[in-house]
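Remarks on the structure that follows.
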Amino acid sequence: MSKSLKFLLGTALGLSVLAAPAFAEKLGLGRPALPAEIAAWDVAVLPDGTGLPEGSGDVATGDEVFAEKCATCHGDFAEGIDNWPVLAGGEGSLKDRRPVKTIGSYWPHLSTVWDYIHRSMPFGAAQTVTPDEAYAITAFLLYSNGIVEDDFVLSKENFTSITMPNADGFYPDDRAESEYATFSGEACMTDCAAEVKVTKRAVTLNVTPTDPDGRPAGTLPNPDPVVEAAVAEPAAPETTAETTTAAAGPDPALVEAGAKVFKKCAACHKVGEGAKNATGPMLNGILGRAAGTVEGFKYSKAMADAGAAGLVWSDENLHAYLSDPKGFVKRNKMSFAGLKSKDDIDAVIAYLESAGG
Amino acid sequence: MSGTENKGTSRRAVLRGGLAAGAGLAVAGAARAEGTPDPLITEVQDWASSFGDPVDATPYGMPIRFESQVVRRNVEWLTESPVSSINFTPIHALEGTITPQGCAFERHHSGAIELSKPDYRLMIDGLVETPLVFTYEDLTRFPRETRTAFCECAANGGMEWGGAQLEGCQFTQGMIHNMEYVGVPLRLLLEEAGVKPEGKWVYAEGADASSNGRSMPLEKAMDDVLVAFYANGEALRKEHGYPVRLVVPGFEGNMWVKWLRRIGVYDQAVESREETSKYTDLMPDGRARKWTWVMDAKSVITSPSPQAPIYHGKGPLVITGLAWSGHGKVTRVDVSLDGGKNWQEAELTGEAQSKALTRFRLNIDWDGSELLLQSRAVDETGYVQPTKDALRAIRGTNSVYHNNGIQTWWVHENGEVENVEVA
């Protein structure tokens, strides 16, 4: 610690040179913490037992409380369900290819068990375990790990008499001594290896999340694609499901709201009895119609191609198109930025369905 | 949509089946007939004629929809519950060094909680002259410091100890972010309470259900630790600990306690769950290292990489990546194109900051042949980023944490990239 001491001294000296001594620098901010507040928040329990409250609990009670509050994740015998932590067993496995790190096989201090149960468990209902319950659960976990007998009672008084099996299994970071000399010095720049071969490939494991096209999730798209740009992504030809639900008729309130939204469209589009093509095609019968097929209207090549490729104005496709006309059918000629709100889109589609059948 | 020939095919099948030269990605750019005017230039586009969004459309903006793939992602099989889990920064898609808060990786032990400034309290107690309670406003009245620092989860790369496993640096090195923080030096708060001479350790815990408490030596707490409330110019986002988090430069991310609620001063380490059963490094002899706080020097090429393949074919290619060290500044980054046989020095951009991300680049003229790309960081202590095998020779494969080994990307002739290991 001599290095740390020197460091601390250095810091203090540096401060005192620059300004008045640290303790004279107080700003008078904050207020004294009250004993009841400290008791409420400072619940840490240390390896030497500091912080333990009065109380006790036995293995049998712990078994009951554990079954009630813990077993849904950790299992009746602390064996762990699915990927939830295994709390018992694993002794002697730490050198194995697949070590099992449990309270019994790995945890160095009993205080950690009590502290964590008391402050953070059960998962989703933290701070609901009473001190006596925490003693009891801890006693049960000691029993599950073969550290105590089934008649054991754990209390504040005998707490520090328990030594965990792996108490001596830890040592402070020694990388400075064990690694840094090996990993320092002049790095080789040329002819550092005679031959280099691929020895492992992640692709053989196939455990990476993927995008729908099978590539790693989040793969960046080609910023300069050369094909397909002119035609919309082909929409799956469906619609029957959506259009049959229409038989019940759209919600009148929604239709009314849609009539208001449609004002944004009405400058170019007509719908309803006798509607004719205008700047945009007339919209009667739009739901379920193939794109780009209203007679007498001159569509963009993009829209005509999209229709020929199978794009049908299903409810879903209309939603997509109205939220982003230029993105859904690239280079079509409708000069409308799209509707930002899904509610508006729902409404306007209901209106189109109602007014234009 | 990629527009490549492997659409609809599993990538695994494509990679394993072998790739014919010229197939796949490298065709891009070849199909536009020369001499044909580009309609994007010759035809008036809608955006050049009609209106864009008005100024009242987006009071607080999100990235444009064309960047929708640039998001945090998680790996479902890693954890049992997404509220005690981790996601990954899309570092393959970012440039520069600052990580936007909105896509910076998250690690929660009991979910990201919503804690308002009026409801916020910070307590300092334990071995101090006067245990104190601060409100958020109290904190804003202390002198502030600005510090840019990387925050790396100790388990970054942890899935790769047994060998190459995940495709993409988002998944293999993406438990990292780098932000510019503004906050109060923890030293000032400790001095306000007055640390008693027997106080040697500081224990920080959060207000969430996990509390995620961690101990650190008093000397670190008095050195460069910040009690931060701004990141990248704005308030911390909820998932990064709003309204107040701890910033512990160079130390593993688990110690950067979010929703900071209490600082306890002790004469010993608390030895909490997070610093005993977790965040300890199991060694081959069955014993474990504890208190492995500092993140050693590390680097990774972010592009090209499995999620950032080369679409443009041979010719000029920008190789770009990130390097960092918990011990100080990155002084050099070397790049190898042949799996570590030969190395060349990359260019570092900007002035390297201590314990913060540094961007490196190497511009090459790619001849279209296969590459085995690697990067190797060197920091100001002279530490040279080791190979994964060199780390395994000392630590085995069960230490979970602190995997800072050299990453290898196998770039294929068609521009696809995969995560491999070489020997």
* To do: With a 4.5 angstrom heavy-atom cut-off, could you sort out which part of A/Pro172 is near chain B: side chain, backbone, both or neither?
  => both

* Sub-3.5 Å donor-acceptor pair from the side chain of A/Thr208 to the main-chain atoms of B/Glu167, do we have one? -> yes

* Asked: Any side-chain heavy atom of A/Asp191 within less than 4.5 Å of one from B/Lys341?
  -> no

* Do you see a donor-acceptor pair shorter than 3.5 Å between the side chains of A/Tyr106 and B/Thr280? -> yes

* Asked: Do A/Glu179 and B/Arg395 sit within salt-bridge range, that is, some charged N less than 4.0 Å from a carboxylate O?
  -> yes

* Tell me yes or no: between the side chains of B/Thr130 and A/Arg31, is some donor less than 3.5 Å from an acceptor? => no

* Option that, when pairs with chain B are counted at under 4.5 Å, heavy atom only, ranks first among A/Glu186, A/Glu37, A/Met121 -> A/Glu37

* Asked: Excluding sequence neighbours, so at least two apart, what forms ring pair (Phe, Tyr, Trp, His ring centres under 6.0 Å) with A/Trp84?
  -> A/Phe123

* **Residue pair A/Arg119 / B/Ser211, side-chain donor-acceptor N/O under 3.5 Å** => yes

* Structure fact -> Bottom line for B/His109: the part with an atom under 4.5 Å from chain A's heavy atoms is backbone

* **Lys/Arg-Asp/Glu bridge criterion (N-O < 4.0 Å) met for A/Lys340, B/Asp53** => yes

* Where on A/Phe170 is there a heavy atom nearer than 4.5 Å to chain B: the side chain, the backbone, both, or neither? -> both

* **Which residues share a ring pair (Phe, Tyr, Trp, His ring centres under 6.0 Å) with A/His118, sequence neighbours left out** => A/Trp114

